[in-house]
Amino acid sequence: QVQLVESGGGLAQPGGSLRLSCAASGFTFSSYAVGWGRQAPGKQRELVAGISIGGTANYVDSVKGRFTISRDNAKNTVYVQMNSLKPENTAVYYCHRYAGKHWGQGTQVTVSS
């Protein structure tokens, strides 16, 4: 059974940073591309960062240069380092496995002064 468990959300000030973690289980983590998505109030969920099996990262334009996705296959964990946070980054952030379109339960990120 695929499980994705996010952690690390919380409150950050504009310009601040947060690092989210996602612990994966129930599958061979190193064999799958994974990513991060988010859903802001009143908006559709969107994927914002992904990382391939080989470690190639991709981002939506709105987070390029500010978010960095990484993976540690030994720990079955994917991370996203979020810097220079903006109020519009406030959302529930979800871990995602592309194959099978699996999502975690999400972690709230709020950017506010």
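Heavy atoms only: backbone and side chains are in, while hydrogens, waters and symmetry mates are out.
- Between Ala57 and Ile69, the shortest heavy-atom distance links the atoms CB-CG2, 3.5 Å.
- The OG1 atom of Thr77 sits 12.5 Å away from the CG atom of Leu20 when rounded to the nearest 0.5 Å.
- A cation-pi contact links Arg45 to Tyr94, judged by a cut-off of 6.0 Å to the six-membered ring centre and 45° from its axis.
- Atom CZ in Phe27 sits 10.5 Å away from atom CD in Gln3 (nearest 0.5 Å).
- No chain of hydrophobic side-chain contacts below 4.5 Å, direct or via other Ile, Leu, Val, Met, Phe, Trp or Tyr residues, connects Val80 to Val5.
- Between Gln39 and Lys43 the shortest heavy-atom distance is NE2-O, 3.1 Å.
- Residues Arg38 and Glu46 form a side-chain contact, since some pair of their non-hydrogen atoms from C-beta on lies under 4.5 Å apart.
- Side-chain atoms of Thr28 do not come within 3.5 Å of backbone N or O of Ser31 as any donor-acceptor pair.
- The backbone N or O of Val60 sits nowhere less than 3.5 Å from a side-chain atom of Ser62 that would complete a donor-acceptor pair.
- Identified under the side chain to side chain donor-acceptor pair (under 3.5 Å) test for residues 95-110, with sequence neighbours left out: Glu6-Gln105, Gln108-Thr110.
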Full working for side-chain contact (heavy atoms from CB on, under 4.5 Å) between Ser25 and Asn76: CA-CA 7 Å; Ser25 61; Asn76 291 344; over 6 Å; no
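- Tyr59 and Thr68 get closest at one heavy-atom pair: OH-CA, 3.4 Å.
- The minimum heavy-atom distance linking Leu85 with Ala12 is given by the pair CD1-CB, 3.8 Å.
- The hydrophobic clustering, which links ILVMFWY residues whose side-chain heavy atoms are closer than 4.5 Å, places Ile51 and Val2 together.
- For Val92 against Gly106, the heavy-atom pair with the smallest separation is CG1-CA, 3.8 Å.
- Every pair passing side chain to side chain donor-acceptor pair (under 3.5 Å) that includes a residue from residues 78-91 is listed here, sequence neighbours excluded: Ser17-Asn83, Arg66-Asn89, Gln81-Asn83.
- The minimum heavy-atom distance between Pro14 and Pro87, with the atom names listed, is CG-CG, 4.2 Å.
- Transitive grouping of hydrophobic side chains (ILVMFWY, heavy atoms separated by less than 4.5 Å) brings Leu4 and Tyr32 into a common cluster.
- Taking CG of Leu11 as the start and CG of Leu18 as the end, the distance is 8.5 Å to the nearest 0.5 Å.
- One finds the CZ atom of Arg71 at 7.0 Å from the CD1 atom of Ile53 (value rounded to the nearest 0.5 Å).
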